[in-house]
Amino acid sequence: MRAAPTILHLDMDAFYASVEQASKPSLRGKAVIVGGLGPRGVVATASYEARRFGVHSAMPTAQARRLCPNGAYLIPRFTLYRQVSNVVMAMLRELSPLVEPLSLDEAFVDLEAGGVAFDADSARATGERLRADIRAATGLSGSVGLAGSKMLAKVASEEAKPAGLLLIEPGTERELLAPMSVRTLPGVGPATGEHLRRAGITTVGELVEAGEDELVRMIGRAHGAGLYRMALGLDDRAVVAERDAKSVSVEDTFDVDLHDRVRIRGEVQRLADRCVTRLRGSGHSGRTIVLKVRRYDFSTLTRSETLRGPTDDPGVVREAAARLLEAVDTTGGVRLLGVGVTGLADYTQEDLFAQSLAAGPETADAAGGTGGAAGTGGAGGADRTGAAGGTAGPEAADGAAGAPEGPVPPGEPQEAPERRWAAGSDVRHVLYGPGWVQGSGVGRVTVRFEQPGSEPGRVRTFRVDDPDLEPSDPLPLVGDTAG
């Protein structure tokens with residue numbers, strides 16, 4: 001614990017939804033829900049306007065639609081979210097060399113290490129200046145917590161939401177925490193919270209009164225002792241500038257259970273390729289390949305294979321994932337598939353060619369059948385970057401064009417696939433310029449033509465195959481958006 005509140009926690013407010021509202025003027029002040037749009041989609045983020053209807057993160061999208069039928073339901077646009085996040089994180093790094101990102105929209109900053117704050121007054125001034133700078137650079141709001149520890153700084157930012165700042169003076173921690181719910185403390189989830197409630201403990205103050213010995217008896221020594229320290233406001237964890245990634249993984253939840261074994265193999269191969277793309281993008285390789293399968297009855301199986309050395313070779317990862325799939329019974333159907341790589345390293349073992357050959361002809365057969373039979377039409381997936389499962393991942397979310405579901409037999413006319421336009425995706429029209437998809441169906445796509453900083457735009461409808469309408473990259477939230 002520090003004697004001055006020089007640890008800052010920044011949490012951007014309803015980040016994904018706020019980015020969408022900032023980039024789509026017609027949605028400002030409206031209920032916006034970002035997440036998976038299919039029958040098994042999950043809410044990633046809801047705007048504060050949507051939260052008034054009871055919508056929240058991790059809620060099934062179908063339930064959100066019942067609670068908020070008139071909300072705007074949009075796919076995530078991770079390319080844009082990362083761009084905005086990079087701007088915000090760069091601003092934090094100007095304050096201090098010790099910045100610990102927790103996600104795209106959340107980070108701890110050690111202000112003392114950056115020499116920008118040593119007491120309550122300078123810390124508060126720095127926090128207020130940061131909030132103003134973020135607003136100017138992105139048009140978005142963030143909530144700031146300042147305290148003498150990471151735990152309390154995070155509690156403070158949560159209490160400051162939305163668009164506020166709260167500083168916890170050292171020495172006032174117990175008084176502040178006492179009336180708060182036990183769920184405020186890190187590590188107290190629904191199960192632990194319910195266990196404590198049954199014992200008559202619902203607030204942090206009641207948890208302190210119960211004492212360390214009673215908590216150890218109730219929930220175990222490691223958890224009980226740690227929880228008691230947090231209830232007292234004690235947290236000595238340092239801000240760590242680099243948080244090493246432990247794994248890289250991608251997964252897809254399917255609108256309809258997959259039964260065809262060839263289709264399942266194809267989806268695993270596609271996931272393996274996406275995983276390697278993400279692995280290479282992070283500058284890592286890995287030794288252990290992991291396959292995740294959630295079956296029709298919600299039972300989840302994981303299988304793994306450890307290689308002789310780290311790799312980022314897509315062929316090696318595909319073949320390992322295919323071998324793992326052969327050991328899994330998919331009878332009855334599959335609702336989710338995932339491929340991951342763990343045991344990460346920042347180098348790649350060169351001689352893995354023999355390892356690829358070692359799989360033999362059986363692996364080649366297992367990995368076959370991926371060229372087209374494994375269509376993507378029924379899938380909506382989520383890369384593990386903080387977004388909720390069941391949403392479209394970055395690759396799917398940032399593109400609007402569909403893909404053919406299988407090879408065309410020889411001699412048959414080659415028909416162009418019908419383009420698919422997901423709600424919220426960026427487009428550009430030859431005459432009307434940039435816009436975004438409001439919805440599509442029955443061979444038509446409806447587009448609202450507007451951009452960040454403009455007035456709410458007009459809505460027009462086109463054929464889904466209109467040659468003058470094309471998918472587009474997202475426009476920046478602030479700055480030159482013309483063209």
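- For the 3.5 Å distance criterion, the side chains of Q21 and Y48 fail to qualify, holding no donor opposite an acceptor.
- A donor-acceptor contact under 3.5 angstrom links the side chains of T300 and R294, judged on distance only.
- Across S96 and A113, no two heavy atoms sit closer than the pair OG-CB, 3.9 Å.
- Checking E20 against W436 by side-chain atom types alone, no donor-acceptor pair falls below 3.5 Å.
- Of the N and O atoms on the side chains of D11 and S143, not one donor lies less than 3.5 Å from an acceptor on the other residue.
- Within the 4.5 Å cutoff, side-chain heavy atoms of S23 are placed close to those of R77.
- Both tests hold for R335 against F298: distance to the six-membered ring centre under 6.0 Å, angle to the ring axis within 45°.
- Considering only heavy atoms from C-beta on, T288 stays 4.5 Å or farther from E305 through its side chain.
- When all heavy atoms of A241 and P97 are compared, the closest pair comes out as CB-O, 3.7 Å.
- The shortest side-chain heavy-atom distance between V339 and S249 does not fall under the 4.5 Å cut-off.
- Annotation for L167 and R124: closest pair CB-NH2, 3.6 Å, computed over non-hydrogen atoms.
- Between A423 and Q438, the shortest heavy-atom distance links the atoms CB-O, 3.9 Å.
- Looking only at side-chain heavy atoms (C-beta outward), I7 and V109 stay at 4.5 Å or farther from each other.
- Side chains of E206 and T202: a donor on one and an acceptor on the other come within 3.5 Å.
- In the model, S299 has a side-chain atom that pairs as donor or acceptor with a side-chain atom of D297 under 3.5 Å.
- Atom CZ of R318 and atom CD1 of I289 lie 12.0 Å apart (nearest 0.5 Å).
- Taking 4.5 Å as the limit, every side-chain heavy atom of H56 sits out of range of all side-chain heavy atoms of V43.
- Minimum interatomic distance between C275 and G340 (heavy atoms only, all atoms of both residues): SG-CA, 3.9 Å.
- Taking the six-membered ring where the residue is Trp, F108 and H9 present tilted rings, their angle falling between 30° and 60°.
- Electrostatic pairing of D252 and R270 counts as a salt bridge here, judged by a charged N lying under 4.0 Å from a carboxylate O.
- Residues L336 and V293 are not in side-chain contact: their nearest non-hydrogen atoms beyond the backbone lie 4.5 Å or more apart.
- Here the side chains of R65 and L37 are in contact, with some heavy-atom distance below 4.5 Å.
- Counting only residues at least two apart or in different chains, side-chain hydrogen bond (donor to acceptor under 3.5 Å, both in side chains) contacts with residues 210-232 comprise E214-R217, R229-D236.
- Among the candidates L177, L166, L185, the single residue satisfying the side chain to side chain contact (heavy atoms under 4.5 Å, CB included) test with V155 is L177.
- Between the side chains of R2 and T6, at least one donor N or O sits under 3.5 Å from an acceptor N or O.
- Residues S157 and E106 form no side-chain contact, since every pair of their non-hydrogen atoms from C-beta on lies 4.5 Å or further apart.
- Checked by atom type, the side-chain pair T253/R40 shows no donor-acceptor distance below 3.5 Å.
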